[in-house]
Every structure is written in structure tokens, then in C-alpha cells.
Number of protein chains: 2
Amino acid sequence: MGGPRFEPVRAVRAYERVVEQVEEAIESGSLSPGERLPSERELMVQFSVSRSTVREALRVLQARGLVRSRPGDPNGAEVLPFSPATLHKSMTTLARVEELSLAELVQFRMVLDSSAILLAARLRTDAQFAEMESAVARMRAAVETGQDSFGEADVAFHDVVARASGNKLIQICTDVVRSIVLKLISEKIADAPDREALMRQSIRHHEEVLAAMRAGDGPLAARLSRKAMYDYYAGYIPAAEHPTLTALLD
Amino acid sequence: MGGPRFEPVRAVRAYERVVEQVEEAIESGSLSPGERLPSERELMVQFSVSRSTVREALRVLQARGLVRSRPGDPNGAEVLPFSPATLHKSMTTLARVEELSLAELVQFRMVLDSSAILLAARLRTDAQFAEMESAVARMRAAVETGQDSFGEADVAFHDVVARASGNKLIQICTDVVRSIVLKLISEKIADAPDREALMRQSIRHHEEVLAAMRAGDGPLAARLSRKAMYDYYAGYIPAAEHPTLTALLD
DNA sequence: AAGCATTTGTACGTATGTATT
DNA sequence: AAATACATACGTACAAATGCT
């Protein structure tokens with residue numbers, strides 16, 4: 001004993017080495033969004049691997065949302081700006097494979113959204129507050145005109161709030177989870193019987209939240225937003241799971 | 001006008017079609033974790049594509065964490081149980097590429113953790129509460145013995161809380177964000193000058209949280225946990241960003 | 001505006017190391 | 001212990017698509 005402690009060497013595939021190097025170049029900033037990778041034939045020379053290996057590496061990088069390659073493009077694969085698409089994809093499969101329930105997703109939205117509102121109540125700019133007011137105004141207008149624009153205005157409101165929270169992680173997760181929830185219940189929500197009443201109630205709730213924010217009472221605004229979301233979605237969630245949601249209401 | 005509305009057809013690659021079909025089979029449940037895909041040669045027959053196409057598809061599926069293939073395995077690629085590895089990966093790149101600040105990450109932890117505690121205060125089982133108490137006990141013991149076991153016990157505590165919240169999404173995100181934060185400051189935390197004082201303070205905070213939970217006061221427990229996390233990490237965060245964190249403290 | 005050179009997408013054959021039976 | 005089936009990797013070839021002249 002006392003000899004050198006060797007670590008087990010996992011046979012790392014050639015394409016993985018290529019992926020690692022390109023990933024490193026991108027994350028370190030030496031390769032910026034918009035720039036191009038060398039062509040596949042160039043890459044196989046630089047890495048001294050076969051074309052298939054290069055291609056498998058490119059497919060992995062593409063799956064991770066880091067690059068995009070198009071047939072015939074003489075400029076090589078394009079380095080993409082980061083987008084939460086990959087995050088969105090993995091959360092969606094999580095929702096499908098792991099049987100993430102609608103209740104859990106709504107609960108998560110309640111948490112994220114109320115936190116964003118709590119933060120926004122203290123950190124928002126006046127311009128952002130004006131945006132929120134305008135979004136609610138559009139919601140009011142949409143009650144008469146159409147049902148699509150109501151949803152869009154609602155999304156816009158929560159988008160501003162998430163942005164005003166100043167936390168990119170909250171912003172991204174809010175966006176991802178919201179779109180998943182909306183996809184899950186889009187068909188149900190369209191033909192709800194008391195749809196107009198729901199819209200009016202939602203608008204009233206949003207107005208209360210805005211009032212609390214204007215008064216500078218972040219905790220109250222956060223509490224109201226949780227209640228608002230519960231009231232809006234409870235109808236689509238089995239009664240047995242309601243207690244897990246009401247546990248968030250003070 | 002009034003004619004059929006055609007959608008633009010993007011030339012979808014052959015390997016994408018393969019990915020889609022396998023993905024569909026897994027998410028629909030007709031392929032369960034542990035089961036094996038046909039061999040590559042078999043797949044090229046079934047999809048009537050070349051070997052390279054099959055391999056590129058497998059690389060993408062592997063990158064998404066759905067399958068794993070090993071050289072020489074006569075059984076073909078294995079369908080994996082879902083793991084948050086992909087989620088973890090994309091959040092990590094997010095943290096690096098998008099310059100997600102430590103303050104934002106800690107803020108997100110404060111949000112998730114306090115929500116988990118709020119939920120756990122009402123939904124926990126007695127066994128889970130006992131686990132929490134035992135974790136804090138191990139933290140106390142670790143002040144004398146070693147610094148590693150303190151961190152482990154702390155992680156264990158927050159793991160039980162996340163589990164007790166009953167929300168898988170909270171559980172997964174908590175885990176992911178915590179590991180990222182710990183990786184970012186692992187070197188700094190090891191040689192903090194007043195490390196022992198920090199540990200004792202942390203233990204006191206955990207005990208207060210437990211007391212509030214025992215008393216059934218979820219909101220208080222949540223508030224205390226936010227304060228606890230702020231006190232623990234504030235030293236590693238630039239003072240200019242402290243206001244964004246204190247905005248979460250009532 | 002059309003054609004040309006280059007690149008990607010796909011296919012096929014082959015060699016080699018590895019895990020299972 | 002040998003045989004078998006497999007994944008990994010390499011090389012070549014051709015069609016389709018793209019950008020440039």
C-alpha cells in the first residue's frame with residue numbers, strides 16, 4: 001500500500017472528446033454565438049478523426065442546443081446563442097415520463113410566480129410597472145373581443161413580472177413551466193362553461209396584485225398572486241390534490 | 001383566400017425521424033426503462049436507413065439521457081430510467097454561458113427551499129420529520145469531527161425537506177441548483193476563517209426551522225429558512241447584490 | 001440570373017476491440 | 001476457451017442543398 005492510487009479509466013468515445021473540446025470553446029467564450037465552426041471535413045483533419053465521428057459529435061452539440069448545421073452551408077455549423085429550449089425539452093419529457101402531475105406543475109408556478117412578484121414589488125422600475133398595468137388593461141379589453149388575446153395579455157403580464165424580478169433563472173423556469181401547463185390544459189380551457197366569469201375574476205385578482213405592489217406591500221402581492229393562480233386552475237385539478245395547493249395559501 | 005392553410009415543411013433529417021419514433025415509444029411507455037433497443041444493424045433494417053443514420057439518432061437519444069449504449073453489448077442500447085441529468089446539464093451550461101450570477105442562484109435556492117419547507121410543514125410525515133431531526137443531529141456531531149460530514153448532513157436535511165414537499169419538480173430543481181452553487185463556492189467555503197462559527201449559526205437556524213415546523217407554523221419556518229440561507233451565503237456574494245437577496249426577507 | 005464549387009446528408013463496406021454465451 | 005454478436009471507428013461514394021461568382 002501507499003502506492004499511487006489509479007483511477008478507473010472509462011473508455012471515453014472519440015466523439016465525446018470532440019464534443020468536450022467544442023463545448024469548452026463555446027463556454028469559455030472563444031467561440032461566440034453567430035460564429036461558425038469549421039466544416040466537417042476541416043474538423044476531421046483538426047481532430048484527426050473520421051467524418052462519422054465528427055458528425056456524431058455535431059449531432060450531440062445540436063441536441064444540446066449549442067450549434068446548428070444546415071445542408072450545403074459552406075460556412076460550417078453556426079454557434080447558437082443560448083436558449084432555454086433544451087431546458088424546456090428536458091422538463092417536458094420529465095412531465096411526460098415521470099408523470100409529473102398538473103397539480104405539481106401549478107404548484108411550482110404558484111411558487112415561482114409569487115416569488116417573482118415579491119421581488120418585482122421591490123425591484124421593479126416605473127416603466128416595468130407601466131407595462132404590467134398595460135397588460136392588465138389589454139386583458140380587460142380582451143373579455144369582449146377574443147379569448148386568444150386574453151391569454152396573450154396574461155402571459156405578457158407574467159413575463160414582465162418575471163423580468164422585473166431580476167432573476168434570469170426565475171424568468172426562464174416561469175416561462176418553461178407556464179408553457180407546459182398551458183399545453184396540458186389548452187383544450188379544456190377553451191370550452192370552460194363559465195369562461196367569462198373566470199376571466200373577470202382573473203382580472204380582478206391581477207388588479208389587486210397591482211394595487212398591493214403600488215402600495216409597496218410585496219408579501220401581500222405575493223399572497224394574492226398565489227390565491228389568484230389557485231382560483232384560476234383549481235377547476236382543472238382533481239379535488240384530492242387541492243390540499244397540496246392550499247398548503248401554499250397563508 | 002379561404003383555401004387550405006399549408007404549413008411550411010422543413011426538410012426533416014432522417015435521423016430526426018428515427019429519434020422521434022424511439023422517443024415516442026419510450027414516452028408512451030411501450031418501451032420501459034431496463035428494456036433494450038434492437039441492435040444497430042436491426043434498427044437500420046426496421047427504419048430502412050443506413051448505419052450512420054441510426055448511430056446519429058442514438059447519439060442524440062443518449063445526449064437526451066434516454067438510452068445508453070456500450071461497446072460490445074450484444075443486447076443493444078439500454079433504455080434508461082429518467083434522471084434529471086439532462087436538466088442538470090442544461091442548467092449548468094445556462095449558469096456558465098448566460099453568466100448566471102451566484103446571487104441569482106442563491107436567490108433561487110432561497111425561493112425553492114423556503115417553499116419546500118412551507119409545504120413540508122403541512123404535508124410531512126412523522127418519519128420524515130424524524131429524518132430531519134437526525135440530519136441536524138449529524139450536523140451537530142460534525143462540528144467536532146470533520147467538515148465534509150457537515151456538508152453531507154446539511155444536504156441530507158434539505159433533501160428530506162424537498163422530498164416531504166411532495167413536489168418532484170421542487171425536489172429536482174433544488175438538487176440541481178444546490179449542486180451548482182456548491183461547485184461554485186466549494187473552494188471558498190473550505191477555508192473560510194470563521195468556519196466553525198458559521199456552522200454553529202447554521203445549526204441554530206436549522207433548529208429554529210424545526211421548532212417552527214413542529215409548532216405547525218409553516219410561514220414562520222419558511223421565513224426563517226430564507227434568513228438562514230442568506231446568512232450562510234451572504235459572505236460569498238458582492239455587497240452590491242445583497243439588496244436583491246434581502247428583498248426576499250420579510 | 002444561372003452555373004459552379006463546396007458542403008452537408010446519407011449510404012455502404014471494412015477493420016478492430018469488447019462483452020456475452 | 002472459443003465463438004459469436006455487438007459497438008466503435010474509418011474510408012469512400014453520391015445526391016441534394018447552399019452560397020458565391
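Naming: A, B, ... by sequence-line order, numbering from 1 per chain.
Between the CZ atom of A:R55 and the P atom of C:dT7 there is a distance of 14 Å, rounded to whole Å. Atoms CD (B:E56) and P (D:dA7) sit 16 Å apart, rounded to a whole Å. Between A:R68 atom CZ and D:dA17 atom P the separation is 18 Å, expressed in whole Å. In this structure, the CG atom of B:L37 is 14 Å from the C1' atom of D:dA7, given to the nearest Å. In this structure, the CD atom of A:E42 is 14 Å from the P atom of C:dT6, given to the nearest Å. What separates CD of A:E16 from C1' of D:dT8 is a distance of 13 Å, to the nearest Å.
Listed by first then second residue, pairs satisfying ring pair (Phe, Tyr, Trp, His ring centres under 6.0 Å) with a partner in residues 47-76 of chain A number zero, not counting sequence neighbours.
A:R59 comes within 4.0 angstrom of the backbone, heavy atoms only, and of no base. Backbone-only contact: A:E40 has heavy atoms under 4.0 Å from sugar-phosphate atoms and none from a base.
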N/O donor-acceptor pairs under 3.5 Å from side chains in residues 77-89 of chain A, not counting sequence neighbours:
{"residue": "A:E78", "atom": "OE1", "partner": "A:R68", "partner atom": "NH2", "Å": "2.7"}
{"residue": "A:S83", "atom": "OG", "partner": "A:A85", "partner atom": "N", "Å": "3.0"}
{"residue": "A:T86", "atom": "OG1", "partner": "A:R64", "partner atom": "O", "Å": "3.2"}
{"residue": "A:H88", "atom": "ND1", "partner": "A:T92", "partner atom": "OG1", "Å": "3.3"}
{"residue": "A:H88", "atom": "NE2", "partner": "A:S179", "partner atom": "OG", "Å": "2.7"}

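For A:D154 and A:R138, the salt-bridge test fails: no basic side-chain N is under 4.0 Å from an acidic carboxylate O.
In this structure, B:E24 has no salt bridge (Lys or Arg N to Asp or Glu O under 4.0 Å) partners at least two apart in sequence or on a different chain. With sequence neighbours excluded, no residue forms a salt bridge (Lys or Arg N to Asp or Glu O under 4.0 Å) with B:R41. Among residues two or more places apart in sequence or in another chain, the salt bridge (Lys or Arg N to Asp or Glu O under 4.0 Å) test is passed with B:R59 by A:E56.
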Notebook entry, point to check: When you check every protein heavy atom under 4.0 Å of nucleotides 11-21 of chain C, what one-letter string (B, S, -) results, 5' to 3'?
Noted result: BB----BBBS-
